[in-house]
Amino acid sequence: MILILLSAVLLLVVGGCVCVVWATRGGPRWTRAVAKGTLLAGELVRAPRRGKDGGSDD
């Protein structure tokens, strides 16, 4: 069961990354929407970590 869940998460991540690359090369409108969602999710995942180290981007 956990293998299926992890596989689904991996497919979503890879699909999001593909959409980000495709959108930067002028893909269809839906790829830009998915890319924006992927980048926003990445920012949300990284946001808690930024506060722990004092905000330095070293």
Side-chain angles (χ1 to χ4, degrees):
M1 182 65 179
I2 192 77
L3 182 63
I4 293 170
L5 180 65
L6 289 175
S7 297
V9 170
L10 180 64
L11 284 174
L12 285 172
V13 169
V14 170
C17 292
V18 167
C19 283
V20 168
V21 172
W22 192 9
T24 59
R25 296 178 183 222
R29 189 180 310 176
W30 65 268
T31 58
R32 291 188 285 263
V34 173
K36 186 177 281 191
T38 301
L39 293 173
L40 178 64
E43 288 293 323
L44 290 174
V45 168
R46 285 184 288 174
R49 245 184 268 162
R50 287 185 186 163
K52 290 181 183 176
D53 64 356
S56 70
D57 286 336
D58 292 339

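Because only heavy atoms are used, hydrogens play no part in the values below, and waters and symmetry mates are left out as well, while side chains stay in. None of the values given here were measured: they were computed from a predicted structure.
- Chaining together hydrophobic side chains whose heavy atoms lie under 4.5 Å apart places V9 alongside V13.
- Two residues are said to be in side-chain contact when any heavy atoms from C-beta on lie closer than 4.5 Å; L3 and L6 fail this criterion.
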List the atom pairs, with distances to 0.1 Å, where a side-chain N or O of residues 27-40 and a protein N or O form a donor-acceptor pair under 3.5 Å, not counting sequence neighbours.
{"from": "T31", "atom 1": "OG1", "to": "P28", "atom 2": "O", "distance (Å)": "2.5"}
{"from": "R32", "atom 1": "NH1", "to": "G27", "atom 2": "O", "distance (Å)": "2.8"}
{"from": "T38", "atom 1": "OG1", "to": "V34", "atom 2": "O", "distance (Å)": "2.9"}

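- Taking a 6.0 Å sphere around CD1 of I4, one finds it holds 12 or fewer heavy atoms contributed by other residues, nucleotides or ligands.
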